[in-house]
Amino acid sequence: MSISQIEASLDLAADLDQCRAGFGALLARADLPASAASEIRRRHAEPHRAYHDAAHVGLLWLRHLLHGGDPGDRDFALAILFHDAVYDPRAKDNEAQSAALLAAMVPGDTAWAQQAILATGDHMAYAGADCRVLRLLDLDLSPLAERPAAFARNAAFLRREYAAVPEPVWRAGRRRVLEGFAAAPAIFRTRLGAAYEVPARENLAAEITSLAAAA
């Protein structure tokens, strides 16, 4: 993976309009019935979403393509598109609900995409060997490796989604999540780790230190 490719990938996150355009390309590849396409657009534009929105899934699709992913892989496109289709920060079953929504809205065999979506419920717990599932998990975690300004923006977006949570509780929960990633032997388990592992660990260390100081 070249330095220029890594730089181009990180550049994507700085341009949210480009990421939203990626959502449009992803939606086209998913080839949904008109009613399903309208519903998935509506869901990704829900007002309580700041991070888990159209720009997020659009970015994942653009990175999939940039890193040599198959542009014709409809199942993979469906997994990206639907993995946050149901999103309630207070819920514990968003992934299960998202997979069920995919099954209900999209005709045909969507079993692989449903299983891939379920795996995003706990990225580090996935113990399977399906390289496409692992790629989805790595892409979904790639924002941990953004340049510091984009990483901070994403943290602010996530905080907005959890606006109802008191600040001390938010800081403790955020620190716990980040420390879980930092404790993993490897955050990324495909070749994408060559691009994202080191900057992700730098971002994690910096924010964990900041959160610890504020505690």
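The analysis underlying the following values was restricted to heavy atoms, covering all of them including side chains, and did not include hydrogens, waters or symmetry mates. Small disclaimer: the values here were computed from a predicted structure and weren't measured.
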Q: Just do the salt bridge (Lys or Arg N to Asp or Glu O under 4.0 Å) check on Arg176 and Glu179 with the steps written out, would you?
A: CA-CA 5 Å; Arg176 192 160 52 247; Glu179 287 178 337; over 6 Å; no
Q.
Test ring-ring contact (aromatic ring centres under 6.0 Å, His included) on His67 and Tyr196; report intermediate values, then the result.
A. CA-CA 12 Å; His67 291 305; Tyr196 300 121; 5.5 Å; yes
(Q) Pair Asp140, Leu60 - check side chain to side chain contact (heavy atoms under 4.5 Å, CB included), show working. (A) CA-CA 7 Å; Asp140 200 26; Leu60 301 194; 3.6 Å; yes
Q. Does the side-chain hydrogen bond (donor to acceptor under 3.5 Å, both in side chains) test come out yes or no for Thr190 and Asp138, once each step is laid out?
A. CA-CA 7 Å; Thr190 70; Asp138 278 7; 2.8 Å; yes
(Q) Does Asp17 form a side chain to side chain contact (heavy atoms under 4.5 Å, CB included) with Arg20? I'd like the steps, not just the answer. (A) CA-CA 5 Å; Asp17 287 338; Arg20 294 184 189 103; 3.0 Å; yes
Q: Check step by step if salt bridge (Lys or Arg N to Asp or Glu O under 4.0 Å) holds for Asp130 and Arg135.
A: CA-CA 9 Å; Asp130 187 317; Arg135 183 181 181 86; over 6 Å; no
Q: Apply side chain to side chain contact (heavy atoms under 4.5 Å, CB included) to Thr120 and Leu137, showing your working.
A: CA-CA 6 Å; Thr120 67; Leu137 298 178; 3.9 Å; yes
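Without hydrogens or angle criteria, Asp93 side chain to Ala96 main chain gives no donor-acceptor distance under 3.5 Å. At distances below 3.5 Å, at least one donor-acceptor pair connects side-chain atoms of Thr209 with backbone N or O atoms of Ala205. Not a single donor-acceptor pair under 3.5 Å links the side chain of Asp53 to the backbone N or O of Ala45. Under a 3.5 Å cut-off, the side chain of Glu197 and the backbone N or O of Phe188 do form a donor-acceptor pair.
For the pair Gly128 and Leu134, the tightest heavy-atom approach, listed with the atom from each and the gap, is O-CD1, 4.3 Å. Contact detail for Ala103 and Gln114: the closest heavy-atom pair is CB-NE2, 3.5 Å. The nearest pair of heavy atoms linking Ala13 to Leu59 is N-CD1, 4.0 Å. Minimum heavy-atom separation, Pro107 to Pro33: CD-CG, 3.9 Å. Closest approach of Leu102 to Ala113, counting heavy atoms only: CD2-CB, 3.6 Å. The minimum heavy-atom distance linking Ile117 with Ala79 is given by the pair CG1-O, 3.7 Å.
Side-chain contact between Leu10 and Arg63: present, with at least one pair of heavy atoms (C-beta onward) separated by less than 4.5 Å. Counting heavy atoms from C-beta on, the side chains of His52 and His83 never come closer than 4.5 Å. Taking the side chain as every heavy atom from C-beta outward, His64 and Leu26 never approach each other to under 4.5 Å. Contact of the Glu207 side chain with the Arg174 side chain is registered, since non-hydrogen atoms from C-beta on lie closer than 4.5 Å. Between Arg29 and Arg74, some side-chain heavy-atom pair lies under the 4.5 Å cut-off. Counting heavy atoms from C-beta on, the side chains of Phe76 and Asp70 never come closer than 4.5 Å. Within the 4.5 Å cutoff, no side-chain heavy atoms of Gln97 are placed close to those of Leu101. In this structure the side chain of Phe82 reaches within 4.5 angstrom of the side chain of Val106, judged on heavy atoms.
The CG atom of Leu32 lies 11.0 Å from the CD atom of Glu39; values are rounded to the nearest 0.5 Å. With rounding to the nearest 0.5 Å, the separation of CZ in Arg41 from CG in Leu81 is 9.5 Å. Distance check: Cys131 SG to Arg189 CZ gives 13.0 Å after rounding to the nearest 0.5 Å. Between Trp61 atom CH2 and Leu27 atom CG the span is 11.5 Å, to the nearest 0.5 Å. Distance check: Asp73 CG to Ile80 CD1 gives 9.0 Å after rounding to the nearest 0.5 Å. One finds the CG atom of Asn203 at 9.5 Å from the CG atom of Leu178 (value rounded to the nearest 0.5 Å).
Under the side-chain hydrogen bond (donor to acceptor under 3.5 Å, both in side chains) rule, Tyr87 has a single partner from His48, Glu161, Arg43, which is Glu161.
In this structure, Leu139 is a member of the same hydrophobic cluster as Ile187, with clusters built from ILVMFWY side-chain heavy atoms closer than 4.5 Å. Note: the hydrophobic cluster containing Met105 also contains Val57 (ILVMFWY, side chain heavy atoms under 4.5 Å, direct or indirect links). When hydrophobic clusters are built by joining Ile, Leu, Val, Met, Phe, Trp and Tyr residues whose side-chain heavy atoms come closer than 4.5 Å, directly or via intermediates, Leu12 is not grouped with Phe151. The hydrophobic clustering, which links ILVMFWY residues whose side-chain heavy atoms are closer than 4.5 Å, places Leu65 and Leu141 together. No continuous path of hydrophobic side-chain contacts links Leu16 to Phe23 [ILVMFWY only; heavy atoms under 4.5 Å].
Cation-pi check for Arg132 over Trp112 is met; the charged atom lies under 6.0 angstrom from the ring centroid and within 45 degrees of its normal.
Side chains of Asp84 and His44: a donor-acceptor N/O pair is absent below 3.5 angstrom, by distance only.
The local environment of CZ in Arg90 is sparse, with at most 12 non-hydrogen atoms from other residues, nucleotides or ligands closer than 6.0 Å.
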